[in-house]
Novice: 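One structure, pasted below without further comment.
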Amino acid sequence: MSTASSTVLAPDWFTRPTCVVAADLVGKVLCRKLIDTDDTVKVLRMRISETEAYIGESDPACHSHAGTRTSRTEIMYEQGGVFYVYLTYGVHHMLNLISGAAESPESVLIRAGFLTEDSDRLFDEQLLSSDKQLSHPKQFAGPGKLTKRLQIDRDLYGKVIGPASAVWIEDDGCQSPISLRPRIGIDYAGEAKDWLLRYVWTDHASLSKK
DNA sequence: CACACGATGCACT
DNA sequence: GTGCATCGTGTGA
């Protein structure tokens, strides 16, 4: 329930070590306020089922590997608690939460989730539900599908994680079993492709990969 | 300035 | 299993 027992995670919550943040995010609720097609305000609530940690300059798969500090990666050097969103393959927006201390360019990628029972429904839910891309109308098994449904793009880049940005995280006390897996889509990263930095809700149906 | 390519998803064989 | 859309960005000329 997203009622009295829910708390909004403050930016400081994300300044803890990246792997801790990534693991703790599984089971939390990613909230997205937006204006529906009928001009009403809606809050979509997506419970996170899968995350990945990208642990900075020593991580070959991380955009900040070897100290790569550019206009794109600059935000990663901020203290945890802000968004890093980028476009990949010219198509998909990837939602990342910057984690850890300042000058420690690390982040957590949100890879999958599912809409909670008490999430607002979009006016055009029928249209979205009929989208046969989705194996189940409420599950979003993959980072690109998730951002598409939540209408998240690079407008979020650099904003503070919280209600003022229209995207925030709530903790409603949900506890979920966590398993560790290798990360996805980083075969170019050598030995790092085998590092167990993907955190999944054990056996959940909404995972991006078994 | 040119160019290679990606933290994906989907269609098709 | 393979092919490919589509474009911002990092890299090197």
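All values below come from the heavy atoms of this structure, side chains included, with hydrogens, waters and symmetry mates left out. Naming convention: chains lettered A, B, ... in sequence-line order (proteins, then strands); numbering from 1 in each chain.
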Novice: For A:Glu103, look at atom CD and say whether over 12 heavy atoms of other residues, nucleotides or ligands are found less than 6.0 Å away.
Specialist: yes
Novice: May I ask you to say what A:Arg72 touches in the nucleic acid, namely base, sugar-phosphate or nothing, with a heavy-atom cut-off under 4.0 Å?
Specialist: sugar-phosphate
Novice: Taking NE2 from A:His63 and C1' from B:dC5, how many angstroms apart are they, rounded to a whole number?
Specialist: 11 Å
Novice: Rounded to the nearest 0.5 Å, how far does CG of A:Asp36 lie from CD of A:Gln151?
Specialist: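 Answer for the CD-CG pair, A:Gln151 versus A:Asp36, is 8.0 Å.
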Novice: Using atom C1' of each nucleotide, how far apart are B:dA4 and C:dC4 to the nearest Å?
Specialist: 16 Å
Novice: B:dG9 C1' sits how many Å from A:Gln139 CD, rounded?
Specialist: 17 Å
Novice: Using a cut-off of less than 4.0 Å, is there contact between a side-chain N or O of A:Thr88 and OP1 or OP2 of B:dT8?
Specialist: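 Checking B:dT8 against A:Thr88, no side-chain N or O comes under 4.0 Å of OP1 or OP2.
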Novice: Counting C-beta onward and ignoring hydrogens, is there a side-chain heavy-atom pair between A:Trp13 and A:Asp24 closer than 4.5 Å?
Specialist: yes
Novice: Select base, sugar-phosphate, or nothing to describe what A:Leu109 touches, counting heavy atoms under 4.0 Å on all strands.
Specialist: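 It contacts base atoms.
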Novice: When the distance from CG of A:Leu87 to P of B:dG9 is rounded to whole Å, what number comes out?
Specialist: 13 Å
Novice: Would you mind reporting whether A:Arg111 and A:Val200 have side-chain heavy atoms less than 4.5 Å apart?
Specialist: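 Contact flag for A:Val200/A:Arg111 side chains = no.
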Novice: Give the nucleotide from the list B:dA7, C:dG10, C:dT6 with an atom nearest to the side chain of A:Ile186.
Specialist: B:dA7
Novice: For the side chain of A:His92, starting at C-beta, report the closest nucleotide among B:dG9, C:dT9, C:dT6.
Specialist: B:dG9
Novice: Could you give the distance from NZ (A:Lys138) to OG1 (A:Thr116), rounded to the nearest 0.5 Å?
Specialist: 8.5 Å
Novice: Is a side-chain donor or acceptor of A:Tyr188 paired with a backbone partner of A:Pro60 at a separation under 3.5 angstrom?
Specialist: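 Not at all, since once roles are kept as given, no pair shorter than 3.5 Å links the two residues.
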Novice: Please give, in whole Å, the distance from B:dG6 P to A:Lys193 NZ?
Specialist: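 Rounded to the whole Å, the gap is 15 Å.
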Novice: Please give the distance between the P atoms of B:dA2 and C:dT6 as a whole number of Å.
Specialist: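 So the two P atoms sit 22 Å from each other.
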Novice: Could you check which of B:dT8, B:dG6, C:dG10 has an atom nearest any side-chain atom of A:Pro143?
Specialist: B:dT8
Novice: Closer than 4.0 Å, any side-chain N/O of A:Lys145 to the OP1 or OP2 of B:dC10?
Specialist: yes
Novice: Please give, in whole Å, the distance from B:dA7 P to A:Asp194 CG?
Specialist: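 A:Asp194 atom CG is separated from B:dA7 atom P by 17 Å.
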Novice: Suppose we define a pair by two distances each less than 3.5 Å, Watson-Crick or G-U wobble; what does C:dG8 pair with here?
Specialist: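 Partner of C:dG8: B:dC5.
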Novice: What nucleic acid atoms does A:Ser107 come within less than 4.0 Å of, heavy atoms only: base, sugar-phosphate, or nothing?
Specialist: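 Result for A:Ser107 = base.
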Novice: With a 4.0 Å cutoff (strictly under), does any side-chain N or O of A:Tyr84 reach OP1 or OP2 of B:dA7?
Specialist: no
Novice: Could you give the OH-to-C1' distance, from A:Tyr86 to C:dG10, as a whole number of Å?
Specialist: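 Taking OH of A:Tyr86 and C1' of C:dG10, I get 14 Å after rounding.
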Novice: If I take atom CD in residue A:Glu74 and atom P in nucleotide C:dG10, what distance separates them, rounded to the nearest angstrom?
Specialist: 11 Å
Novice: From C-beta outward on A:Arg154, which listed nucleotide comes closest to its side chain: C:dG8, B:dA7, B:dT8?
Specialist: C:dG8
Novice: Between A:Arg111 (CZ) and B:dT8 (C1'), how many Å, whole number?
Specialist: 8 Å
Novice: Determine, answering yes or no, if A:Tyr54 is stacked on B:dA7 under the 5.5 Å centre rule and the 30° plane rule.
Specialist: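 Answer is yes, a stack.
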